[in-house]
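Each residue takes its place number in the sequence, starting with 1.
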Amino acid sequence: MTLRNQDLLRSYATDIIPPDDTLSEAMYNNVKLTHYFGNLPAQEELPDTPDDQPSTQLTTRKPTVSSTHSDWQLVRTLAGAHKGWIRCIAIDEITNKWYVTGLADSTIKIWDFENNSLKAILTGHVLGVRSLCISKRFPYLFSGGEDKSLRCWDLERTNSPAGCQIRSYHGHLGGVYSIALHPELDLLFSGGKDCVVRVWDIRSRAEAMTLLGHQNDITSIQTDYSDPQVITSSMDGTIRLWDLRNQKTELLITNHSKSIRSMRSHPKETTFVSGDGNGEIKQWLLPKGELLNEFQSSPKETNQRDNSRIINTLSINPVSNTLFSGYDDGRLEFYDYMNGTSQQSGYSPSLSGSQDDAAIYASTFDMSGLRLLTCHGDKSIRIWGKSSY
């Protein structure tokens with residue numbers, strides 16, 4: 001941990017504060033979303049405390065890891081939120097008032113955070129939606145799907161007969177599994193089944209560059225305003241830090257033993273974490289990609305299925321420095337991001353009763369750090385909070 005302490009102090013001393021958004025928060029809050037706040041039918045919502053399963057506790061198949069921190073508890077379940085697996089989620093980080101989900105039924109849904117009500121359904125994809133990204137600078141939503149398409153939705157186009165989809169970006173030869181926006185430049189990054197990271201000019205829809213090197217599906221893309229500006233992970237088990245100016249790999253990380261399905265950058269420090277199909281979570285320091293820590297993982301039980309170690313999603317709490325990992329068998333793990341120790345562990349049961357549908361595919365903390373949202377294979381969205389929430 002000596003390396004971490006020294007390098008983090010150095011990174012804090014030289015940290016660059018991100019520039020202000022082009023649009024002020026006041027302007028952003030005035031975006032016309034009246035089209036999305038019409039009289040849509042409310043989704044089926046499970047009561048906070050069902051008779052057969054207390055929703056205020058994680059379902060554990062082993063004792064919950066003891067912790068000095070208050071435990072995360074299930075606050076609400078939105079059952080039947082979609083008609084298929086919910087594969088991705090994104091929250092509006094500017095207002096913290098709404099979020100979007102995408103799923104296997106090819107639709108995108110916009111949700112109101114205040115009352116967890118459905119506000120809009122966006123259609124256009126013909127196959128499952130696998131990736132979502134909300135712009136912090138403009139009222140744009142970007143989505144990528146298994147139909148090889150990458151789409152831009154303008155949330156100000158409330159009265160357009162043609163709907164709010166304003167652009168499509170064509171070039172991928174397979175499903176688009178991850179997308180990200182550059183924090184300063186009008187560039188969109190996308191990657192997926194064709195193993196290529198494509199960089200798009202948002203306005204002209206032209207492909208600005210192509211980043212080649214991965215040998216399997218690209219699963220995560222993280223961007224930053226300072227070098228390395230692009231970090232990608234892949235099912236080939238590698239992480240690549242890219243030299244965007246020269247359009248080549250600056251550093252190749254091969255420490256993972258299995259395919260990497262999720263990666264997440266810390267919102268306030270120059271570190272990121274990656275999780276693989278063997279349950280390994282590793283923490284890295286930028287810009288050199290040094291390994292800082294390997295998080296403690298719960299030991300595999302003899303009766304656990306083969307997918308019990310597969311990490312599908314990682315999220316970092318921007319307030320408490322808690323790391324969440326969601327697994328393919330419905331397991332949830334909470335870690336202290338600073339030292340890698342486990343704080344809490346448990347299972348989220350499938351609503352269908354079949355553990356095959358219990359998978360956690362996507363997750364995100366809200367900007368207050370008080371809520372965690374998880375998306376599941378049983379078509380539900382779960383909202384978790386601390387005991388004081």
Side-chain angles (χ1 to χ4, degrees), residues 1-12 62-69 72 214 216 218-222 224 228 231-241 249-302 304 306-318 320-329 331-347 360 363 365 372:
M1 298 304 292
T2 302
L3 173 63
R4 176 185 178 85
N5 293 337
Q6 292 177 347
D7 287 341
L8 281 182
L9 286 174
R10 190 179 304 116
S11 67
Y12 285 140
K62 58 183 177 179
T64 300
V65 176
S66 60
S67 173
T68 57
H69 305 265
W72 288 88
H214 283 296
N216 208 327
I218 294 168
T219 54
S220 295
I221 303 175
Q222 300 292 311
D224 199 357
I231 307 171
T232 58
S233 66
S234 171
M235 294 290 284
D236 63 14
T238 67
I239 299 170
R240 289 179 181 264
L241 281 58
T249 300
E250 180 178 332
L251 177 67
L252 175 64
I253 298 175
T254 59
N255 297 55
H256 280 281
S257 60
K258 293 284 186 177
S259 59
I260 303 170
R261 300 198 178 193
S262 184
M263 182 176 61
R264 190 63 63 99
S265 295
H266 193 283
K268 296 180 180 179
E269 64 178 46
T270 56
T271 62
F272 70 97
V273 289
S274 53
D276 64 22
N278 199 36
E280 297 179 1
I281 302 175
K282 301 180 186 294
Q283 185 182 62
W284 311 90
L285 177 66
L286 295 173
K288 300 298 183 180
E290 297 127 319
L291 179 63
L292 280 180
N293 201 0
E294 298 187 59
F295 285 44
Q296 296 177 0
S297 181
S298 301
K300 183 176 180 179
E301 300 175 7
T302 56
Q304 283 182 319
D306 291 338
N307 66 339
S308 64
R309 308 306 300 170
I310 297 175
I311 298 173
N312 287 328
T313 178
L314 295 169
S315 291
I316 300 172
N317 190 311
S320 66
N321 267 331
T322 299
L323 172 69
F324 167 78
S325 62
Y327 291 76
D328 206 51
D329 65 344
R331 184 158 57 93
L332 308 95
E333 297 276 359
F334 296 87
Y335 299 89
D336 185 319
Y337 187 84
M338 301 308 293
N339 57 34
T341 58
S342 179
Q343 295 178 337
Q344 187 181 355
S345 176
Y347 285 81
I360 303 171
S363 64
F365 285 99
L372 168 69

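L314 approaches G275 most closely through the heavy-atom pair CD1-N, 3.5 Å. The two residues N321 and H266 make their nearest non-hydrogen contact at OD1-NE2, 2.5 Å. When all heavy atoms are compared, the tightest approach of P318 to K268 is O-NZ, 3.0 Å. Among all heavy-atom pairs drawn from R331 and I360, the shortest one is O-CD1, 3.5 Å. Residues R240 and T249 share a closest heavy-atom pair of NH1-OG1, 2.9 Å. Of all heavy-atom pairs between G289 and W284, the closest is O-CE3, 3.5 Å.
Atom CD1 of I311 is separated from atom CD1 of I281 by 4.0 Å, given to the nearest 0.5 angstrom. Rounded to the nearest 0.5 Å, atoms CG (N339) and CG (N293) are 7.5 Å apart. Atom CG of L291 is separated from atom CD1 of I253 by 8.5 Å, given to the nearest 0.5 angstrom. Here R309 contributes atom CZ and D329 contributes atom CG; the two are 9.0 Å apart, rounded to the nearest 0.5 Å. Atoms CD and OG1, on Q222 and T232 in that order, are 10.0 Å from each other to the nearest 0.5 Å. Interatomic distance, OG1 of T322 versus OH of Y335, reported as 12.5 Å (0.5 Å rounding).
The shortest side-chain heavy-atom distance between N317 and Y337 does not fall under the 4.5 Å cut-off. Contact check for T341 versus D336: side-chain heavy atoms found under the 4.5 Å cut-off. By the 4.5 Å heavy-atom criterion applied to side chains, P267 and I316 are counted as neighbours. Between T238 and I260 the shortest side-chain heavy-atom distance does not fall below 4.5 Å.
Using a 30° and 60° split on the angle between ring planes, F334 and W72 fall in the parallel class, below 30°.
Using a distance-only test at 3.5 Å, with no hydrogens or angles considered, no donor-acceptor pair links the side chain of E250 to the main chain of P228.
Judged by distance alone, the side chains of S233 and T219 do bring a donor and an acceptor atom under 3.5 Å apart. No side-chain donor-acceptor contact under 3.5 Å links N278 and H256. Side-chain atoms of S363 and S315 include a donor-acceptor pair closer than 3.5 Å.
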